[in-house]
Student: 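If you scroll down you'll find the structure; I have some questions about it.
Here is the naming used below: chain letters follow the sequence lines, and residue numbers restart at 1 for every chain.
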Amino acid sequence: MATKVRVRFAPSPTGGLHLGGVRTVLFNYLFARHHGGDFVLRIEDTDNTRFVEGAEQYIMETLRWCGMEPDESPAAGGPFAPYRQSERKASYMQYAEQLVAQGHAYYAFDTPEELEEMRNAFKSAENPSPQYDHRLRMKMKNSLSLGEEEVGRLLSEGVPYVVRIKMPEQETIGFTDMIRGEVSFSTSTVDDKVLLKKDGMPTYHLAVVVDDYLMQITHAFRGEEWLPSAPVHLLLWKYLGWSDAMPQWAHLPLILKPDGNGKLSKRDGDRLGFPVFAMNWTDPRSNEFTQGFRERGFLPEAFVNMLAMLGWNDGTGKELFSMTELISAFDMSRVHKGGAKFDFEKAKWFNHEWIKTAPAERLLPDVKDVLKTADISAVDDSYVKQVIDLVKERCTLLPDFAEQAGFFFKAPAAPDMEPVKAKWNLDKTLFFTDLPAVLEALPTWNAIALEAAFKEMAAARAIKVGELQLPFRLMLVGGKFGPAVFDIAALIGKQAVINRIKKGLESLA
RNA sequence: GCCGCGUUGGUCAAUCGGUUAAGACGCAUCCCUUUCACGGAUGAAUGACGGGUUCGAUUCCCGUACGCGGUACCA
């Protein structure tokens, strides 16, 4: 019998969501949908010193933008509410106590200063960072080293304490990672991690295990940086008596910086000129601003597609996937083990592909926004859509529409005729002087009729059509770019064409 | 230092022991187009190193190197 698949994305609300974070959500989401399961968003705000105002809303908004709405979340609620760990404080304490009572954890009264002292005292060349572990714990102040009455006294006096897990001295512990296969560790090298902090809040280690159990999570996916603490979690599942309910795990590879080595950070984006956050983010504390993919002009479809291909592929060579296609093709076992360097050029390629193939209808609101911020008035939707179809293949990022489509709405300020001036002559001046009358007389106004009339007139005057097309383009567009001239002329309309010809002629005079 | 995880062209990557080692991005050249793109064609460029196992290793195993991650009362 199959239990329903339940996965969770569990971020800390400490700032904007970067590429790696969004990809973790994506893989969770794809897995859940692929298996018809639930996708829950749980906010891991156990460290109130790192809590950042607005981060949770930012996360929600990012998920919405990407089309990955959670089934259960702080905002949407759900059968396992609350979904913020800060609101579940009481339950963690209870389990911590249970572990102490069973002898799998203990109270530790060491102050931060004492901890610091210990680290200094035992620091050596071959052990630069001494751990609070089985070798040292009897030298510290805790319920293992202190007498029972002493512990009772400290407790009753209200001396602050933390709860630490008691790692076995020598045990090999392992699990099967869905991506990496068998992974094992020796408990002798793992320290006695703090489970419950002195403020009564759990650390990540206790909180994930308790909540994954309570929320009946069946599969837990997280970044590779969590692999080293897996043995702590494994033991917790066992000590709490929940081994049978333990989720299957997968540790996702990291997204690396494009140059050099190391994890991609928002600094790299600033340095190299590309976004690393999903959406714009301004840190309320430092006022530091970080640009997002959305504001840079990425379509969420492209953003998601690009992220999915960073560390995963379906093995066929197919690269362009819609969310629906991703959902049906996604398979955790095909996720890579090694990290992938982020390549902004490739990211842009994905966006270009999506813009090129998107129906004008889909692009309409975005393009209208772009035009609006460029101070171009575009009110007629059906006209805008025709423009979109004409120019979309030359737009990589959404803001490109401002340049590529602008001249359909506004005549070029002062057409720069420089590129054709060298070869200009009286015949050409005459051609364009007479052109408006010919256009006026045209019975039908469309690209084909326009081109025919234009070419016929050129032939009659023995001027090469090619020599006339560039000046015509410059008059209409204002630059050496854009779709076929006659398509442009047909769309902007007879009067606009005539006006622009006249202005162009003036610039040539 | 210790522990863990990785390593196929510049980048993303296919291959699940036998191929001339796919494909994509980027780059270069050409065609199309007397604009810019799109599209098409072609090209340069790859299995970290050393041992095994095997008739045969990019693929399996072991070392080494290198990289990354962890080593917090942060997640």
Side-chain angles (χ1 to χ4, degrees), chain A residues 10-14 44-47 49-50 108 110-112 115 119 123-133 160-164 177 179-180 183-186 188-191 193-205 207-208 222-231 251 253-254 256 258-263 306 309-320 336-350 352-353 356 391-396 400 403-404 419 464-470 472-474 476-477 479-485 488:
Chain A
S12 295
T14 55
E44 310 227 332
D45 54 350
T46 53
D47 183 4
T49 66
R50 295 214 313 158
D110 317 270
T111 64
L115 253 20
R119 290 190 183 110
K123 198 180 335 190
S124 66
E126 51 297 343
N127 186 12
S129 47
Q131 308 205 94
Y132 201 122
D133 61 12
Y161 65 88
V162 301
V163 174
R164 286 181 180 270
D177 186 283
I179 296 171
R180 289 154 212 281
V183 183
S184 67
F185 310 81
S186 164
S188 65
T189 61
V190 183
D191 61 334
K193 287 267 180 274
V194 170
L195 263 20
L196 202 68
K197 300 184 260 191
K198 73 161 180 270
D199 63 359
M201 285 295 267
T203 57
Y204 171 83
H205 308 296
V208 246
R222 50 173 23 168
E224 190 182 357
E225 67 271 23
W226 287 110
L227 206 40
S229 54
H251 290 85
L254 265 17
L256 279 11
D259 59 342
N261 295 302
K263 208 155 59 149
M306 174 271 288
M309 302 311 292
L310 226 44
W312 175 85
N313 68 78
D314 74 346
T316 68
K318 180 178 161 76
E319 287 191 285
L320 267 9
H336 272 221
K337 297 181 175 84
K341 286 186 182 176
F342 176 66
D343 179 3
F344 190 53
E345 290 306 317
K346 185 79 184 228
K348 285 196 293 192
W349 175 79
F350 276 106
H352 193 189
E353 290 297 313
K356 247 166 45 189
V391 306
K392 64 184 183 185
E393 73 184 21
R394 53 209 93 206
C395 295
T396 299
D400 295 344
E403 187 188 31
Q404 293 294 335
K464 279 190 218 152
V465 190
E467 302 243 332
L468 296 167
Q469 282 198 39
L470 186 57
F472 193 32
R473 166 177 302 280
L474 259 18
L476 300 184
V477 174
K480 290 174 74 172
F481 63 93
V485 246
I488 297 171

Student: Treat primed atoms plus P, OP1 and OP2 as sugar-phosphate and everything else as base, then score nucleotides 29-40 of chain B 5' to 3': B for base contact with protein heavy atoms under 4.0 Å, S for sugar-phosphate contact only, - for none.
Tutor: -----BBBBSS-
Student: Between atom CG in A:Asp177 and atom P in B:G69, what is the gap in whole Å?
Tutor: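 One finds 18 Å between P of B:G69 and CG of A:Asp177, rounded.
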Student: Provide, to the nearest angstrom, the distance between the CD atom belonging to A:Glu345 and the P atom belonging to B:C25.
Tutor: 12 Å
Student: Mind checking if A:Lys198 touches a base, just sugar-phosphate, or nothing, with heavy atoms under 4.0 Å?
Tutor: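 If one applies the 4.0 Å heavy-atom cut-off, A:Lys198 turns out to touch a base.
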Student: Keeping the roles fixed (side chain from A:Asp177, backbone from A:His251), state whether a donor-acceptor pair exists under 3.5 Å.
Tutor: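 Confirmed, A:Asp177 side chain pairs with A:His251 backbone.
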Student: Is it the case that the side chain of A:Glu224 and the backbone of A:Lys337 share a donor-acceptor pair, with hydrogens and angles ignored and the cut-off at 3.5 Å?
Tutor: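 Between the backbone of A:Lys337 and the side chain of A:Glu224 there is no qualifying donor-acceptor contact (under 3.5 Å).
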Student: Keeping A:Thr396 on the side-chain end and A:His352 on the backbone end, is there a donor-acceptor pair under 3.5 Å?
Tutor: no
Student: If you only use heavy atoms from C-beta on, which nucleotide in B:G26, B:C68, B:G6 is closest to the side chain of A:Leu254?
Tutor: B:C68
Student: May I have the distance from A:Arg180 (atom CZ) to B:G4 (atom P), rounded to whole angstrom?
Tutor: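 A:Arg180 atom CZ is separated from B:G4 atom P by 14 Å.
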Student: Is there a side-chain contact between A:Arg394 and A:Pro483 (heavy atoms, below 4.5 Å)?
Tutor: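 Touching, per the 4.5 Å side-chain cut-off.
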Student: Please round to the nearest 0.5 Å and tell me the distance separating atom CZ of A:Arg164 and atom NE2 of A:His205.
Tutor: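 That separation rounds to 10.5 Å.
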Student: Taking side chain to side chain contact (heavy atoms under 4.5 Å, CB included) as the test, write out the residues that go with A:Glu353, two or more places apart.
Tutor: A:Leu320, A:Trp349, A:Lys356
Student: Roughly how far apart, to the nearest Å, are B:U58 and B:A13 at atom C1'?
Tutor: 14 Å
Student: Let me know the distance between CZ of A:Arg222 and C1' of B:G4, rounded to the nearest Å.
Tutor: 13 Å
Student: Once the angle between the rings of A:Trp226 and A:Tyr204 is folded into 0 to 90°, is it parallel (under 30°), tilted (30 to 60°) or perpendicular (over 60°)?
Tutor: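 The arrangement is parallel - the two ring planes meet at less than 30°.
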Student: If we take the C1' atom in both B:A44 and B:G39, what is their distance in whole Å?
Tutor: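 Here B:A44 and B:G39 have their C1' atoms 23 Å from each other.
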Student: Any protein N or O atoms within reach of nucleotides 10-13 of chain B? Criterion: under 3.5 Å, listing atom names and distances.
Tutor:
unit_1: B:C12; atom_1: OP1; unit_2: A:Lys341; atom_2: N; d: 2.8
unit_1: B:C12; atom_1: O2'; unit_2: A:Met309; atom_2: O; d: 3.4
unit_1: B:A13; atom_1: OP1; unit_2: A:Gly311; atom_2: N; d: 2.9
unit_1: B:A13; atom_1: O3'; unit_2: A:Asn313; atom_2: ND2; d: 2.8
unit_1: B:A13; atom_1: O3'; unit_2: A:His336; atom_2: NE2; d: 3.1

Student: Taking A:Asp45's backbone N and O only, do any of them form a donor-acceptor pair with A:Arg50's side chain (distance below 3.5 Å, no angle check)?
Tutor: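 Checked: no pair found.
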Student: Can you tell me, in whole Å, how much space there is between the C1' of B:U53 and that of B:G6?
Tutor: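 That atom pair is separated by 23 Å.
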Student: Quick one: A:Arg50 CZ to B:C74 P, roughly how many Å, whole number?
Tutor: 9 Å
Student: Counting any heavy atom closer than 4.0 Å, what does A:Asp199 reach on the DNA or RNA strands: base, sugar-phosphate only, or nothing?
Tutor: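 No contact.
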Student: Under the side-chain contact (heavy atoms from CB on, under 4.5 Å) criterion, do A:Glu44 and A:Val208 qualify, and how do the steps go?
Tutor: CA-CA 9 Å; A:Glu44 310 227 332; A:Val208 246; 4.2 Å; yes
Student: Polar pairs (N or O, both sides) under 3.5 Å between protein and nucleotides 70-72 of chain B?
Tutor:
unit_1: B:U71; atom_1: O2'; unit_2: A:Gln131; atom_2: OE1; d: 2.4

Student: How far does the P atom of B:C60 sit from the matching atom of B:G18, given to the nearest Å?
Tutor: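 Per the computed distance, 11 Å lies between those P atoms.
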Student: Mark yes or no for whether A:Arg119, through its side chain, and A:Ser129, through its backbone, hold a donor-acceptor pair below 3.5 Å.
Tutor: no
Student: Rounded to the nearest Å, what distance is computed from the OH atom of residue A:Tyr132 to the C1' atom of nucleotide B:C2?
Tutor: 20 Å
Student: Please give the distance between the P atoms of B:A48 and B:A57 as a whole number of Å.
Tutor: 16 Å
Student: Counting N and O atoms only, with roles assigned by atom type, does the side chain of A:Arg473 sit under 3.5 Å from a partner on the main chain of A:Lys480, one being a donor and the other an acceptor?
Tutor: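 Looks like no, no N/O pair under 3.5 Å.
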Student: List in chain and number order the residues that pass ring pair (Phe, Tyr, Trp, His ring centres under 6.0 Å) with A:Phe472, two or more places apart in sequence or in another chain; answer none if no residue qualifies.
Tutor: A:Phe454
Student: Rounded to the nearest 0.5 Å, how far does CZ of A:Phe342 lie from CE of A:Met306?
Tutor: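 CZ of A:Phe342 is found 4.5 Å from CE of A:Met306.
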Student: Using whole Å, what does the distance between atom P of nucleotide B:C5 and atom NZ of A:Lys337 come to?
Tutor: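 Atom-to-atom, A:Lys337 to B:C5, this comes out as 11 Å.
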Student: Heavy atoms under 4.0 Å, any strand shown: does A:Val190 hit a base, just sugar-phosphate, or nothing?
Tutor: nothing
Student: Nearest whole angstrom, please: distance from the P of B:A75 to the CG of A:Leu195.
Tutor: 12 Å
Student: Would you please enumerate the stems RNA chain B participates in, each stem being three or more consecutive Watson-Crick or G-U wobble pairs with both distances under 3.5 Å?
Tutor: B:1-7 with B:65-71, B:10-12 with B:23-25, B:27-31 with B:39-43, B:48-52 with B:60-64
